[in-house]
Every structure is written in structure tokens, then in C-alpha cells.
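Here's the structure we're looking at; comments come further down.
Heavy-atom basis, side chains included; hydrogens, waters and symmetry copies ignored. Just so it is clear, the structure is predicted and the values come from calculations on it, not from any experiment. In what follows, residues are counted from 1 in the order of the sequence shown.
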Amino acid sequence: MADSYSFDVTSTVDMQEVKNAVDQTMKEIGQRFDFKGSQSRVTLKEKEHVLEIVADDDYKLKAVIDILKGKCVKRSVSLKALDYGKVEQALGGAVRQNVTVQSGIVEDKAKAIVKRLKEKKFKAQAQIQGDQVRVQSKNKDELQAVIGFLKQEDFGIDLQFVNYR
């Protein structure tokens with residue numbers, strides 16, 4: 001029997017599902033009457049984890065974002081993983097917005113998670129390991145309580161709990 005149990009808190013996004021959501025969004029834009037003759041499009045830059053949304057005006061940009069959100073929800077991509085940049089002017093009077101797909105827990109969010117666990121005085125140790133947080137305890141029930149607590153808290157990111165051992 002193990003003398004210590006642990007699990008990892010991560011925030012990952014399946015980029016293939018994001019790609020599928022973008023493809024479905026583009027297909028719907030091509031079929032909708034209100035986008036006929038429009039230069040609206042969504043492109044995925046996989047290496048940078050960035051979606052670039054271009055539309056004719058602010059109204060169509062919001063419509064494209066609504067379509068994209070709907071497709072992401074259907075593909076089980078958390079909307080908390082999408083970080084919207086500011087709207088910029090593009091060529092030809094169009095507007096552009098970059099959306100960053102968050103992958104992993106950034107350092108300040110990881111520190112906030114560890115701090116909240118220490119404030120609640122769980123009998124568990126939390127440590128930051130790269131883009132995830134490992135939580136260890138001698139008691140499995142304590143780890144279950146930590147998971148329940150983290151699910152109730154809102155850190156602004158989608159959390160998954162993996163490697164439970």
C-alpha cells in the first residue's frame with residue numbers, strides 16, 4: 001500500500017477538437033444567408049494556439065464568435081480556454097480579433113490555486129510543476145475533498161484532475 005497519494009491539476013485543450021470547431025464554423029458561415037458575399041472567416045494558427053477571426057463589421061464579428069462558441073461547446077471545448085484579444089481594424093474596413101487558446105495553467109493561476117489550498121488548511125501539499133499543479137496527501141479522502149473544493153472555486157480557467165494514484 002502506498003504511503004502517499006497524489007493527483008495533478010491541469011488545464012488542457014484538445015487542439016483537434018478546436019480545429020473541428022473552426023471547420024464547422026467556416027462551413028456554417030458559408031451556408032448562412034446573412035454572410036453571403038462576406039469576407040468573414042476564422043483561421044487557426046495551430047503552432048501559436050491562436051484563432052484569428054476576421055469579419056466585415058462588429059455585428060458580423062459578434063455573430064461569428066457566437067457561432068464559434070456554439071461549435072466549441074458541442075465539441076466539448078471549454079469556453080474558459082478561449083482568451084479574447086481586442087478588436088482591431090483590418091484592411092478594407094474589416095475588423096479582426098485574435099483569440100488565444102489557453103493550454104496549461106499559467107504561473108499566476110497556479111500560485112493562486114496553491115495559495116487557496118493553503119488558506120483552507122487541507123492536509124495536503126500542493127506544488128507547481130511546469131504548467132500543472134501536483135497535490136499530494138497521505139489520505140485519499142483528503143484528496144477527494146481538495147478536488148471538490150477546486151471544482152467549486154472559479155480561477156477563470158477550466159481545470160481537469162488527472163493521474164490520480
Side-chain angles (χ1 to χ4, degrees), residues 7-117 126-135 146-164:
F7 69 89
D8 295 331
V9 181
T10 63
S11 180
T12 58
V13 175
D14 186 359
M15 288 306 289
Q16 182 61 45
E17 293 298 332
V18 173
K19 186 174 195 254
N20 291 341
V22 168
D23 291 343
Q24 289 177 348
T25 301
M26 286 304 299
K27 185 175 180 182
E28 185 170 332
I29 288 172
Q31 293 174 344
R32 283 186 37 172
F33 180 76
D34 55 341
F35 285 105
K36 197 150 201 105
S38 170
Q39 62 177 351
S40 300
R41 67 182 183 279
V42 180
T43 52
L44 172 64
K45 299 175 183 173
E46 285 189 64
K47 300 267 191 246
E48 299 91 26
H49 292 268
V50 172
L51 299 171
E52 183 182 57
I53 304 171
V54 177
D56 297 335
D57 53 35
D58 286 335
Y59 171 74
K60 286 193 175 152
L61 180 70
K62 288 183 184 0
V64 171
I65 289 173
D66 286 343
I67 295 169
L68 178 65
K69 284 180 179 179
K71 300 302 180 187
C72 284
V73 168
K74 284 185 180 179
R75 309 276 332 160
S76 299
V77 175
S78 174
L79 296 180
K80 288 183 178 180
L82 303 178
D83 183 29
Y84 296 91
K86 63 179 178 145
V87 178
E88 307 167 341
Q89 291 297 321
L91 293 175
V95 291
R96 175 188 316 128
Q97 186 172 23
N98 288 333
V99 180
T100 307
V101 180
Q102 301 286 339
S103 184
I105 300 175
V106 291
E107 190 174 348
D108 59 332
K109 300 278 187 189
K111 286 181 180 179
I113 291 171
V114 171
K115 181 181 176 190
R116 290 290 292 142
L117 290 177
Q127 58 192 31
I128 301 170
Q129 293 184 332
D131 61 351
Q132 63 185 14
V133 176
R134 171 151 299 164
V135 181
V146 170
I147 290 173
F149 170 73
L150 290 175
K151 283 183 178 179
Q152 291 175 346
E153 292 292 305
D154 183 24
F155 294 101
I157 56 175
D158 185 40
L159 298 177
Q160 291 98 31
F161 308 100
V162 296
N163 294 337
Y164 189 85

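Distance CG/Asn20 to CE/Met15: 11.0 Å, rounded to 0.5 Å. Distance check, rounded to the nearest 0.5 Å: CD of Gln31 to NZ of Lys36 gives 10.5 Å. To the nearest 0.5 Å, the span separating CD1 on Ile53 from CD on Gln97 amounts to 6.0 Å. A distance of 10.5 Å separates CD in Gln132 from CD in Gln127, rounded to the nearest 0.5 Å. The NZ atom of Lys151 sits 14.0 Å away from atom CD of Glu153, with the distance rounded to the nearest 0.5 Å. Atom-to-atom distance recorded for Ile157:CD1 and Ser103:OG is 11.0 Å, nearest 0.5 angstrom.
Within 6.0 Å of OH in Tyr84 there are more than 12 heavy atoms belonging to other residues, nucleotides or ligands. Other residues, nucleotides and ligands place no more than 12 heavy atoms under 6.0 Å from the CG atom of Leu91. For Glu107, the CD atom sits in a loose shell: 12 or fewer heavy atoms of surrounding residues, nucleotides or ligands are nearer than 6.0 Å.
Side-chain contact check for Leu117 versus Leu150: some heavy-atom pair is nearer than 4.5 Å. Under the 4.5 Å side-chain criterion, counting only non-hydrogen atoms from C-beta, Val13 is not in contact with Asp158. For the pair Phe161 and Asp8, the minimum side-chain heavy-atom distance is 4.5 Å or more. Contact of the Lys60 side chain with the Ser38 side chain is registered, since non-hydrogen atoms from C-beta on lie closer than 4.5 Å. The side-chain heavy atoms of Lys111 and Lys115, taken from C-beta on, include no pair separated by under 4.5 Å. The side-chain heavy atoms of Phe35 and Asp56, taken from C-beta on, include no pair separated by under 4.5 Å. In this structure, the side chains of Cys72 and Leu79 come closer than 4.5 Å at one or more pairs of heavy atoms. Inter-residue side-chain proximity for Leu82 and Gln102 is flagged as unmet; no heavy-atom pair is nearer than 4.5 Å.
Minimum interatomic distance between Arg96 and Ala90 (heavy atoms only, all atoms of both residues): NH2-CB, 3.6 Å. Of all heavy-atom pairs spanning Ser40 and Met26, the tightest one is O-CE, 4.2 Å. Of all heavy-atom pairs between Val22 and Val42, the closest is CG1-O, 3.6 Å. When all heavy atoms of Lys71 and Ala21 are compared, the closest pair comes out as CB-O, 3.8 Å.
Comment: Asp14 does not engage Arg75 in a salt bridge, judged by the lack of any side-chain N to carboxylate O separation of less than 4.0 angstrom.
For the 3.5 Å distance criterion, the side chains of Ser76 and Glu17 fail to qualify, holding no donor opposite an acceptor.
Just one of Asn98, Thr100, Ile65, Leu44 meets the side chain to side chain contact (heavy atoms under 4.5 Å, CB included) condition when paired with Leu51; it is Leu44. Tested against Ile105 for a side chain to side chain contact (heavy atoms under 4.5 Å, CB included), the candidates Thr12, Ile113, Ile128 yield a single pass: Ile113.
Judged purely by atom type and a 3.5 angstrom limit, Lys109 has no side-chain atom pairing as donor or acceptor with the backbone of Gly156.
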